[in-house]
Amino acid sequence: MGERIITPEAAKMSSLVIERKVKGGKLFRLRINKTDEVISVQLTGDFFLEPDDAMVVIERELADCLKLTSRKDAEHRLAQAIDQAGLRITGFGVVDIIDALWEAKS
Amino acid sequence: MIWRLVRFEYQNAAMNMALDEAVSNGIERSTSPPTIRFYGWKPSAVSIGRFQSLKDEVDLAGCKELGVEVVRRRTGGGAVFHDTEGEITYSLIASEDLISRDINAAYQEICGYVVSALVALGVEAHFTPINDILVGGKKISGSAQSRRNSVFLQHGTLLLDLDVKKMFRVLRISDAKMAGGDISSAEERVTSLRAHSDASKESVLAELQKAFTSGKQISYGSWSGTELQEANRLVSKRYANEEWTRER
């Protein structure tokens with residue numbers, strides 16, 4: 001299990017930052033920002049993604065996954081989006097990221 | 001297949017990254033040969049991974065104070081402090097069909113060249129997946145790969161000397177990434193060649209060149225006019241562009 005950090009600054013801004021160090025040493029952060037009724041998710045860290053300009057696909061799917069009630073459905077949706085877009089992530093898996101997202105939801 | 005070897009040269013941060021991409025673009029257009037290059041960073045610089053948050057990873061005030069440049073790479077991976085005198089960086093850029101399709105196998109092959117060079121210098125080094133080389137359990141070399149439009153790129157660093165205090169002035173190292181997150185924990189996790197060998201930079205470069213070119217047909221060369229033109233375009237468009245650097 002990685003670390004979970006919610007910064008006080010982010011909390012005031014209707015934002016949440018969750019930091020995870022996964023097995024293998026890679027680190028990622030999920031920033032969930034809420035402005036009015038719009039929720040956006042930013043994923044940052046020292047992982048690898050190919051093609052590198054496809055991050056928008058993952059971040060859009062993660063924002064949509066926040067609306068789901070089933071964690072399994074979220075995992076399936078993200079995995080399917082990654083597969084369909086032909087993306088390759090090295091450093092963490094779909095389960096790691098949905099796990100962090102579900103902590104944010106809770 | 002004849003590979004081009006570009007001997008060690010210093011460039012600034014934006015130009016170093018732009019040259020890698022210019023060669024990648026040239027290989028895609030069949031106008032550049034597969035290339036191995038060795039280089040340094042002048043002035044010293046921090047490079048951050050494609051997906052890292054600038055403000056999370058870099059102490060911009062510290063960089064400004066010390067005259068350290070900041071550049072966002074096009075490859076993933078972590079933030080690296082490239083000290084002008086303290087490291088050698090390499091890039092290997094080639095058509096994807098010259099390299100293993102398996103990411104881990106490709107890392108193992110190319111990091112293996114660095115391991116061979118270190119072993120030739122009498123340093124017991126080991127490759128550790130995904131992309132690190134360790135000596136005595138401490139990291140001495142890191143690397144990053146990309147595959148875009150059928151072109152493979154791996155660049156990586158070999159630490160010659162380590163100024164941990166300076167590194168901590170320019171990088172923000174999270175507690176999660178490095179247990180303790182302080183100088184002593186960094187020294188426990190990172191090492192440099194200086195701690196294990198008296199080899200000169202020239203002899204390190206000679207061993208690296210030997211390891212990287214073994215079994216390949218090599219031609220010593222430099223940049224073509226087209227590559228330099230493309231690199232200058234990429235410096236303006238991307239690597240020296242604040243919008244790119246501050247994207248995340």
Side-chain angles (χ1 to χ4, degrees), chain A residues 1-10 13 15-33 40-63 82 85-94 96-97 99-100 103, chain B residues 17 21 24 47-58 72-80 96 101-107 128-132 134 139 142-155 171-179 181 189-190 238 244 246-248:
Chain A
M1 180 62 74
E3 293 192 13
R4 180 185 193 222
I5 297 170
I6 302 171
T7 65
E9 188 191 12
M13 293 166 58
S15 306
L16 198 62
V17 180
I18 294 189
E19 184 176 89
R20 282 290 176 88
K21 185 180 177 184
V22 297
K23 194 180 172 189
K26 295 294 174 194
L27 182 143
F28 71 83
R29 291 187 185 91
L30 273 183
R31 276 192 174 76
I32 299 163
N33 300 306
S40 64
V41 178
Q42 187 185 51
L43 176 62
T44 62
D46 60 354
F47 51 86
F48 296 87
L49 171 70
E50 290 172 13
D52 68 288
D53 50 7
M55 181 56 83
V56 62
V57 174
I58 292 180
E59 291 179 338
R60 189 183 58 224
E61 289 299 325
L62 287 172
I82 289 170
L87 311 186
R88 196 155 54 167
I89 302 174
T90 308
F92 61 84
V94 165
D96 297 314
I97 195 164
D99 192 52
E103 276 202 44
Chain B
M17 293 298 90
E21 188 169 345
S24 301
S47 74
I48 59 170
R50 174 73 177 89
F51 309 109
Q52 289 192 295
S53 158
L54 177 69
K55 65 179 177 59
D56 286 348
E57 306 297 336
V58 182
R72 181 182 294 279
R73 302 190 304 270
R74 200 144 180 214
T75 50
V80 182
E96 205 174 10
R101 297 196 77 80
D102 179 76
I103 291 174
N104 292 320
Y107 271 122
T128 304
I130 302 172
N131 55 343
D132 292 337
L134 306 185
K139 183 170 173 174
S143 53
Q145 263 182 32
S146 72
R147 290 164 197 256
R148 192 175 303 108
N149 303 324
S150 302
V151 178
F152 172 92
L153 158 72
Q154 180 169 322
H155 46 204
L171 296 182
R172 297 184 192 278
I173 301 174
S174 80
D175 288 351
K177 189 71 187 176
M178 190 170 281
R189 285 166 177 261
V190 183
R238 200 190 310 284
W244 167 260
R246 296 176 182 274
E247 185 194 69
R248 290 178 169 268

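To find a chain, count down the sequence lines: A is the first, B the second, and so on, and within it residues start at 1. Just so you know, these numbers come straight off a predicted model, no measurement behind them.
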**Asked** Relative to chain A, which segment of B:R248 carries a heavy atom at a distance below 4.5 Å: side chain, backbone, both, or neither?
**Response** both
**Separation between OG of B:S53 and CZ of A:R31, rounded to the nearest 0.5 Å** = 4.5 Å
**Message:** Is B:N131 close to chain A through its backbone or its side chain, or both, or neither, when contacts mean heavy atoms under 4.5 Å?
**Reply:** side chain
**Prompt:** What is the minimum heavy-atom distance between B:Q52 and A:G45, and which atoms define it?
**Reply:** CG-O, 3.2 Å
**Asked** Does a salt bridge link B:R74 with A:E50, judged by any charged N lying under 4.0 Å from a carboxylate O?
**Response** no
**Asked** Tell me, side chain or backbone of B:A79 under 4.5 Å from chain A's heavy atoms, or both, or neither?
**Response** neither
**Prompt:** Between A:D52 and B:R147, is a salt bridge (Lys or Arg N to Asp or Glu O under 4.0 Å) present by the stated rule, with each step listed?
**Reply:** CA-CA 9 Å; A:D52 68 288; B:R147 290 164 197 256; over 6 Å; no
**Asked** Below 4.0 angstrom, N of the basic side chain to O of the carboxylate: do B:R50 and A:D46 qualify?
**Response** no
**Asked** Tell me, do A:T44 and B:E57 make a side-chain contact under 4.5 Å, heavy atoms counted?
**Response** no
**Message:** For a 4.5 angstrom cut-off between non-hydrogen side-chain atoms, does A:L49 reach B:F51?
**Reply:** yes
**Prompt:** So, do B:I103 and A:F48 sit near enough that their side-chain heavy atoms are less than 4.5 Å apart?
**Reply:** no
